[in-house]
Amino acid sequence: RARRSPDEAVTIFESGMHAQTLLTLRLESGLRAALRERTLIVHYQPIVSLADRGLASFEALVRWPHADKGLLPPQDFVPLAETLDLIHELGMLVLDLGCADIVRWQAACGTSALPPVSINLSARQFLVPDLPQQLLDTVARHGLPPAAVRVEVTESALAAAAGPAPAMLAALRQAGMKVLIDDFGTGYSALSYLHTIPCDVIKLDGSFVRTLAGDARLGAIVRRSIALAHDLGMTVVAESIETAEQEALLRTMGCDFGQGYLYARPLDADAVARLLASAPHTKELIR
Ligand code: C2E
Ligand code: MG
Ligand code: MG
Ligand code: MG
């Protein structure tokens, strides 16, 4: 095989880079337009009580209906939104759309007592000095109490925003908005710093749930983590439950709530309205 000249190699490298840059630029302008035109949508995944699978709450998960690529999952554009410093705008849009959906569900169900909805916060949002007030103002603008919405923050986000985050989360809790620690167990400092974080719920990461069956040592850690959370006055949600075996195991370990494909995929707002109309939902009502 003939060797390419150095010049040719450079040309090939540059044209490849050029194509990549164009793709990124197109995705970037598309995302800016989607935020401006508010065409992102939110799906909601049910969280159930492990005791009886009763509906307890929902998690709001953003999606981007893209003209050419179909419905894009967060992993395809949330990192870009973070790089472009658009993630706070995205997070506030998700909150606003979520509140509007709650109000619509209330009207359709004829009750204001509906399960709360949690939204995901990014580390960078803690750089917004009045983040708690912005969240509370948005919820209030929709006529909802702070308890109608909850915030999920990952352990790594908390580590990245170790300065401002605790006081902001404390302010939200003070106002009646609960705080969930997302993907719990994936960070480095898990148990040792738990007592310093103002929070109400820990969400055990799906990676543990997946490997729990058949790993007695991991089982011991999870069981003790759940007990510790309870001792600290917190409840525990297990993420990504896919099998009845995982559910049974987590139930015996004292886990309170579950989320995963075993119960439901993330649903669009209309599907949630139908679910609320049909299912009793009495676990953790908004008052
Ligand atoms: P997350 O907050 O940990 O959300 C849970 C993810 O697990 C969701 O993926 C959900 O669809 C998926 N999942 C639920 N049950 C199962 C299951 O049984 N098996 C498996 N394999 N997966 C399950 P999704 O919707 O793709 O979201 C991915 C991540 O994107 C979220 O992880 C969250 O970190 C981020 N994200 C989503 N929406 C937002 C948002 O509005 N703002 C920010 N900043 N991040 C968001
Ligand atoms: Mg989450
Ligand atoms: Mg999670
Ligand atoms: Mg996760």
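Counting convention: from 1, in listed order, for ligands and their atoms alike.
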Worked verdict on L135 versus M92 for side-chain contact (heavy atoms from CB on, under 4.5 Å): CA-CA 8 Å; L135 297 175; M92 293 306 289; 3.8 Å; yes
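Residue V201 forms a side-chain contact (heavy atoms from CB on, under 4.5 Å) with just one option from V237, I47, D256, I181, and that option is V237. When each of Q45, R53, E247 is tested with Y263 by the rule side-chain hydrogen bond (donor to acceptor under 3.5 Å, both in side chains), just one qualifies, namely E247.
Counting heavy atoms under 4.0 Å from ligand 1, residue E239 touches it through the side chain alone. Contacts of K203 with ligand 1, taken as heavy-atom pairs under 4.0 Å, are absent altogether. Contacts of V94 with ligand 1, taken as heavy-atom pairs under 4.0 Å, involve the side chain alone. Looking at Q259 against ligand 1, nothing comes within 4.0 Å, counting heavy atoms. The proximity of I241 to ligand 1, defined as any non-hydrogen pair under 4.0 Å, is limited to the backbone. Here D183 has side-chain heavy atoms under 4.0 Å from ligand 1, and that is the only part of it that gets that close.
Residues R63 and D268 are not paired through a salt bridge, judged by the lack of any N-O separation under 4.0 Å between the basic side chain and the carboxylate. Between D76 and K69 no salt bridge is recorded (no basic side-chain N to carboxylate O distance below 4.0 Å).
Near E242, meaning under 4.0 Å from any of its heavy atoms, are these atoms of ligand 1: 17 (C), 18 (O), 19 (N), 20 (C), 21 (N). Close contacts between ligand 1 and P266 involve ligand atoms 11 (O) [criterion: under 4.0 Å to a heavy atom]. Atoms of ligand 1 found under 4.0 Å from any heavy atom of Q45 (numbered from 1 in listed order, with element): 10 (C), 14 (C), 15 (N).
For the ligand labelled ligand 1, residue Q125 lies outside the 4.0 Å heavy-atom shell.
Contact record, Q125 with H88: NE2-ND1, 3.0 Å, taken as the closest heavy-atom pair. Between A60 and V42, the shortest heavy-atom contact is CB-CG1, 3.6 Å.
With a cut-off of 2.8 Å, the Mg ion (ligand 2) has no N, O or S atom of T154 in range. Among the backbone and side-chain atoms of D182, an N/O/S atom is found under 2.8 Å from the Mg ion (ligand 3).
Annotation: R26, atom CZ; neighbour count of heavy atoms from other residues, nucleotides and ligands within 6.0 Å does not exceed 12.
Distances from atom 25 (O) of ligand 1 to the heavy atoms of R265, R63, H43 show the closest one on R63. For the residues A264, A123, P74, A157, the heavy atom positioned nearest atom 37 (C) of ligand 1 is part of P74. Comparing V62, D205, L95, T154 by heavy-atom distance to atom 39 (C) of ligand 1, the nearest is V62.
In this structure, Y44 and W105 have perpendicular ring planes: the angle between them is above 60°, well past the 30° mark.
Rounded to 10°, the angle formed at the Mg ion (ligand 3) by E239 OE2 and D183 OD1 is 90°.
In this structure, the separation between NE2 on H230 and SG on C255 is 7.0 Å, given to the nearest 0.5 Å. Atom CG of L90 is separated from atom CG of L40 by 5.5 Å, given to the nearest 0.5 angstrom.
Within E59, the N/O/S atom positioned nearest the Mg ion (ligand 2) carries the name OE2. Summary: OE1 is the N/O/S atom of E152 found nearest to the Mg ion (ligand 2).
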